[in-house]
Amino acid sequence: MGNVPDNRPSPHFELKCRVDSTMLRPLREFVSNVARTLGFSEKQVGEIEICVDEACANAIEHAYPKTFEREFANGGRDLCIEVQYKNDELVVRVRDYGCGASEEMKSRLRDLNDYLASDQERYRGLGLYLMHKFMDRVTVQSSPGQGTTVEMTKVRK
Amino acid sequence: MGNVPDNRPSPHFELKCRVDSTMLRPLREFVSNVARTLGFSEKQVGEIEICVDEACANAIEHAYPKTFEREFANGGRDLCIEVQYKNDELVVRVRDYGCGASEEMKSRLRDLNDYLASDQERYRGLGLYLMHKFMDRVTVQSSPGQGTTVEMTKVRK
Amino acid sequence: MKAFSFVSRELGDQKDAAMFDLRGYIDAHTVIEFERAVNASIDGGVKSLVLDLSGLSYISSAGIGAMMGLARKLSQRGGDLVLLSPTQKVFAILEGLGFTKIFKIASSETEALEKLNIKVS
Amino acid sequence: MKAFSFVSRELGDQKDAAMFDLRGYIDAHTVIEFERAVNASIDGGVKSLVLDLSGLSYISSAGIGAMMGLARKLSQRGGDLVLLSPTQKVFAILEGLGFTKIFKIASSETEALEKLNIKVS
Ligand SMILES: Nc1ncnc2c1ncn2[C@@H]1O[C@H](COP(=O)(O)OP(=O)(O)O)[C@@H](O)[C@H]1O
Ligand SMILES: Nc1ncnc2c1ncn2[C@@H]1O[C@H](COP(=O)(O)OP(=O)(O)O)[C@@H](O)[C@H]1O
């Protein structure tokens, strides 16, 4: 668009919640519904939906191990989803306040062949691979004990 | 339930946003989707959806008259939706930071006959009537210049 | 998946009756498009309208209010408005508010035409 | 509107082949129920499974991982897994990740049975 000002609204959302995994559906569908409203194609909407779901599921499953449990009544987990849209880019930030992730996770972009070679009751480790596959940019910020923020950007096409 | 502790999770959401009316859909569907996930019937889910929509539409349409316009780039409006569930009750609070509403609006529970007797291009004034009709409790807090909060409670049946 | 769209066609033998097949939802945002469409039709001479609601997933007070205004306008011109086949969800909202007693509602096109006193050739 | 449910039945003439008709979605929450259902079936002697995905609205990595584990388990027992008629949305996700080359996917029940070498009487 160059110097032409963009007169379309730049919506912004900040959703703080305490939830368990039953609420993954309303969370992922909220963000994908925002993307749909912004004119993303149904294919892109589906890709955004699964990436948001994976990031939120990770926050719920991995960020709060047993030692944190006591702080959260009734199995709820604190997380925050931020959504911003500007210049055809949807930025989604999923933040938790948990144990933080290792250096390994940050650089983790598991090869699909590793995944396929593993033999498990339920294969795991596809979440970050998937985010990198479906989003245009993914960054993970985390330090042990400080919680984790996954920032994902999708360009509308 | 008396003294028996409720072990089901009590989810809590606080959604702050800057939006225009195009975003009414993702907002109302988010809250109704949370209600669905909590086991509300489809009929109750539909009633919650329209009440949330009306409250948000009011915040977007009425809370920020022209004089406020300058503060909000690109036609965005600030509002906050809080959702809480406990002991079979869903509480939804829709808050704006606008001009506030008159005493008249707070007590307004327009009779359907008044509505029908009015002759307009587009009939108006059904929003608060509808919230009172479909929700179990509705309270409006507002003072001129302080913004408005509509609190609505729906009991799961 | 457009938020709101419609397809319109003439109804029966008359040139002043039309059917609008509504798709998507009518809320405070999309009501503008709905009003533009039906007003253009009225300006073109249409007096009687059937709104097919079977593809309408949602309606808010803005949409109900627009349909009330439309019904009033048509009756002032000697015509009428009939709502056809609302989904269970939309019907429940209209019923809960008392509008199923106010709007003419039909469950088939034949019934809708009868309610408008339109003969099918 | 349950989050996840299924209907299962025997397939063809064999007693060790079954069809699961999946409804709803499989994510990190509902995957537990999905695994419970298919594992009970395997414990009951089933070796070959067709999962009808036409009613599955969504799948996340948890569901894909569970299906991968299931396929591995069945092949270890001399059986196989076939996915039947995924919706466009689910197919797009599987395809984007490369899983349409890994899972056996059929677009009709006949094709699914052929892929399992099951004869229909
Ligand atoms: N929010 C988080 N907090 C702490 N650790 C995390 C978080 N997200 C991911 N991880 C770590 O990174 C690993 C890889 O995540 P992912 O690729 O999504 O696969 P999976 O969740 O199936 O294990 C997880 O197993 C976990 O150890
Ligand atoms: N958030 C708000 N801020 C300021 N005024 C409001 C707000 N919500 C409602 N009002 C006032 O109350 C009136 C009645 O609202 P409502 O019953 O929803 O009908 P309508 O929005 O169709 O006028 C509005 O016309 C407006 O004057």
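Protein chains get the first letters and strands the later ones, always in sequence-line order, with residue 1 at the start of each.
For A:Arg25 and D:Tyr58, the side-chain atoms include no donor-acceptor pair closer than 3.5 Å.
Of the charged side-chain nitrogens involved, none lies within less than 4.0 Å of a carboxylate oxygen, so that A:Glu121 and D:Arg72 do not count as a salt-bridged pair.
If you measure heavy-atom distances from D:Gln76 to chain A, the contacts under 4.5 Å come from the side chain alone. Of the two parts of A:Glu61, only the side chain, counted from C-beta on, holds a non-hydrogen atom closer than 4.5 Å to a non-hydrogen atom of chain D. Heavy atoms of D:Ile64 lying under 4.5 Å from chain A belong to its backbone as well as its side chain.
Within the 4.5 Å cutoff, side-chain heavy atoms of A:Tyr115 are placed close to those of D:Met68. Side-chain contact between A:Ile60 and D:His29: absent, with no pair of heavy atoms (C-beta onward) separated by less than 4.5 Å. Residues D:Lys89 and A:Glu49 have side chains in contact (heavy-atom distance under 4.5 Å, counting atoms from C-beta outward). Side chains of A:Leu112 and D:Phe99 form a contact here, defined as non-hydrogen atoms less than 4.5 Å apart.
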Task: Working for salt bridge (Lys or Arg N to Asp or Glu O under 4.0 Å), residues D:Glu35 and A:Arg122 - done: CA-CA 9 Å; D:Glu35 287 179 325; A:Arg122 185 195 310 165; 2.8 Å; yes

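The two residues A:Leu126 and D:Ser61 come nearest to each other via the heavy atoms CB-CB, 3.8 Å.
Counting heavy-atom neighbours within 6.0 Å of D:Lys115 NZ, excluding the residue itself, gives a total above 12.
When A:Val45, A:Asp53, A:Leu24 are compared by the number of non-hydrogen pairs under 4.5 Å with chain D, A:Asp53 comes out ahead. Interface check for chain D: of the options A:Glu54, A:Met23, A:Glu47, the most heavy-atom pairs under 4.5 Å are formed by A:Glu54.
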Return a table of donor-acceptor pairs under 3.5 angstrom between the side chains of residues 44-52 of chain D and protein atoms on other chains or two or more places apart.
from: D:Asp52; atom 1: OD1; to: D:Ser54; atom 2: N; distance (Å): 2.9
from: D:Asp52; atom 1: OD1; to: D:Ser54; atom 2: OG; distance (Å): 2.8

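Judged by a 6.0 Å distance limit and a 45° cone about the ring axis, A:Arg28 is positioned over the six-membered ring of D:Tyr25.
Here the CD1 atom belonging to A:Ile50 is positioned 10.0 Å from the CG atom belonging to D:Asp27, to the nearest 0.5 angstrom.
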